[in-house]
Amino acid sequence: MPEITLAPVRQTTEAAAPRPSPRRKRRHRNHAWYRLISPVAVLALWQLESTAKLIPVNKLPPLITQNSPAYGTLQDAMWVSLQRMAIGFVIGAIVAIALALVAGLSRLGENAVDPLLQILRTLPLFGLLPLFIVWFGIGEQPKIILIALGAAIPLYLNAFAGVRSVDAKLIEAAQTLKLSKFQLIRHVILPGALPQTLTGLRQSLGVAWLALVVAEQVNANAGLGFMISQATQFLRNDVIFVALIVYAALGLITDALVRLLERKALAWRRTLLSN
């Protein structure tokens with residue numbers, strides 16, 4: 001039987017999927033800046049309204065001011081919130097990826113893990129906070145656990161679906177090459193599940209930020225949520241708006257970082273707007 005080579009297939013593949021030109025890359029980077037147009041426009045209109053004083057200050061405070069209790073204290077509150085967010089999100093992401101691999105790689109793992117995660121998915125996340133306070137006290141633990149749980153559920157669902165959607169032909173090829181279980185996971189399963197996992201990462205970041213907002217307004221003594229809680233008691237709308245803007249900015253920045261990671265990690269994938 002004549003020997004079959006893969007060289008023609010490789011040439012065909014390379015011809016079918018040409019690398020993007022430098023001009024296309026520059027155009028894509030320029031388009032990324034267009035996403036800032038609408039937020040900046042809203043902030044500019046807000047400041048113009050404040051200058052014209054069309055709406056009372058107690059209803060919509062000015063965007064730029066130094067006459068606010070939040071002035072000079074925002075940095076410390078933001079640092080505390082970032083620490084809580086980072087710790088809770090990392091814990092939730094690690095647990096979610098591990099459980100997704102356990103459930104996705106075997107029927108036994110799916111039967112053991114997936115029903116419990118589906119039960120947690122149907123529970124009201126923010127309604128669990130009083131229960132966490134009873135179990136873990138009023139310190140940092142209930143806040144971090146709530147953030148971790150909020151981040152873990154959407155990431156697990158997407159990572160599990162990504163693992164199960166890996167092409168069976170790739171797994172058969174890996175088995176033909178006698179790859180070990182670890183090599184199969186590293187070189188086939190994880191790259192194949194990466195697109196859907198990154199989608200879940202963006203969703204989990206959004207839920208984690210919402211969980212942080214709620215967690216910091218209950219029995220907290222520092223953080224952006226604590227600033228909102230204190231400002232509510234003293235009817236300081238300016239402080240509330242400042243904290244909300246910071247929350248929105250941090251969420252937008254983290255989402256942009258994940259989008260950047262997605263573009264780098266999935267540069268090989270052609271999409272509807274690739275051309």
Side-chain angles (χ1 to χ4, degrees), residues 35-92 124-130 132-133 138-151 154 202-259:
R35 294 175 58 86
L36 297 177
I37 293 177
S38 55
V40 171
V42 170
L43 295 179
L45 289 175
W46 185 351
Q47 186 59 32
L48 288 175
E49 184 283 325
S50 300
T51 304
K53 297 181 180 180
L54 300 176
I55 301 177
V57 176
N58 61 339
K59 299 293 185 181
L60 186 65
L63 181 61
I64 301 175
T65 180
Q66 295 183 356
N67 300 322
S68 172
Y71 187 77
T73 64
L74 182 62
Q75 295 84 352
D76 293 336
M78 185 170 59
W79 174 245
V80 172
S81 296
L82 284 174
Q83 283 183 310
R84 289 174 179 150
M85 175 66 180
I87 296 173
F89 182 79
V90 168
I91 294 174
L125 176 63
F126 303 140
L128 296 175
L129 185 56
F132 289 165
I133 293 175
I138 60 174
E140 293 295 311
Q141 276 187 313
K143 303 175 182 61
I144 292 176
I145 292 174
L146 188 71
I147 297 169
L149 184 60
R202 294 182 63 188
Q203 295 176 357
S204 63
L205 276 170
V207 179
W209 281 114
L210 291 176
L212 175 68
V213 174
V214 175
E216 286 190 331
Q217 295 186 50
V218 179
N219 290 322
N221 55 8
L224 294 172
F226 175 72
M227 287 180 55
I228 293 177
S229 179
Q230 293 292 103
T232 303
Q233 297 179 16
F234 295 101
L235 302 178
R236 294 304 307 253
N237 284 345
D238 53 347
V239 178
I240 296 175
F241 273 102
V242 167
L244 292 177
I245 291 172
V246 173
Y247 272 130
L250 293 176
L252 190 63
I253 290 172
T254 52
D255 183 74
L257 292 176
V258 176
R259 288 173 60 89

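The figures that follow rest on heavy atoms only: side chains count, while hydrogens, waters and symmetry mates do not.
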Asks: Tell me whether S229 contacts the main-chain N or O of G225 through its side chain, where contact means a donor paired with an acceptor under 3.5 Å.
Replies: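 No.
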Asks: Between P142 and G139, which heavy-atom pair has the shortest distance, and what is it?
Replies: CD-O, 3.5 Å
Asks: Identify, with sequence neighbours excluded, every residue that meets side-chain contact (heavy atoms from CB on, under 4.5 Å) alongside F226.
Replies: A220, Q230
Asks: To the nearest 0.5 Å, tell me how far L224 CG sits from I245 CD1.
Replies: 12.0 Å
Asks: Any side-chain heavy atom of V207 sitting closer than 4.5 Å to one from Q203?
Replies: no
Asks: Could you give the distance from CD1 (I144) to CE (M85), rounded to the nearest 0.5 Å?
Replies: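 Separation between the atoms: 12.0 Å.
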Asks: Which is it for F89 and T254 under the side chain to side chain contact (heavy atoms under 4.5 Å, CB included) test, yes or no, and what are the steps along the way?
Replies: CA-CA 12 Å; F89 182 79; T254 52; over 6 Å; no
Asks: Supply the atom-to-atom distance I145 CD1 to L129 CG, rounded to the nearest 0.5 angstrom.
Replies: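 Between I145 CD1 and L129 CG, I get 10.5 Å after rounding to 0.5 Å.
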Asks: If you take all heavy atoms of S204 and A151, which pair is closest and at what distance?
Replies: CB-O, 3.0 Å
Asks: Any idea which heavy atoms bring I147 and A211 closest together, and the distance?
Replies: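 Closest approach of I147 to A211: CA-CB, 4.0 Å.
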Asks: How long is the gap from CG on D255 to CZ on R202, to the nearest 0.5 Å?
Replies: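 Here the rounded value is 4.0 Å.
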Asks: Report the C-alpha separation of I133 and K143 in whole Å, then their side-chain angles, then the decisive distance to 0.1 Å, and conclude whether the side chain to side chain contact (heavy atoms under 4.5 Å, CB included) test is met.
Replies: CA-CA 9 Å; I133 293 175; K143 303 175 182 61; over 6 Å; no
Asks: Write out all pairs satisfying side chain to side chain donor-acceptor pair (under 3.5 Å) with one or both partners inside residues 80-89, taking only residues at least two apart or from two chains.
Replies: S81-E216, R84-E140, R84-E216
Asks: Under a 4.5 Å cut-off applied to non-hydrogen side-chain atoms, are L128 and L149 in contact?
Replies: yes
Asks: Are side-chain heavy atoms of I228 and Y247 found at a separation under 4.5 Å?
Replies: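 Sidechains of Y247 and I228: in contact.
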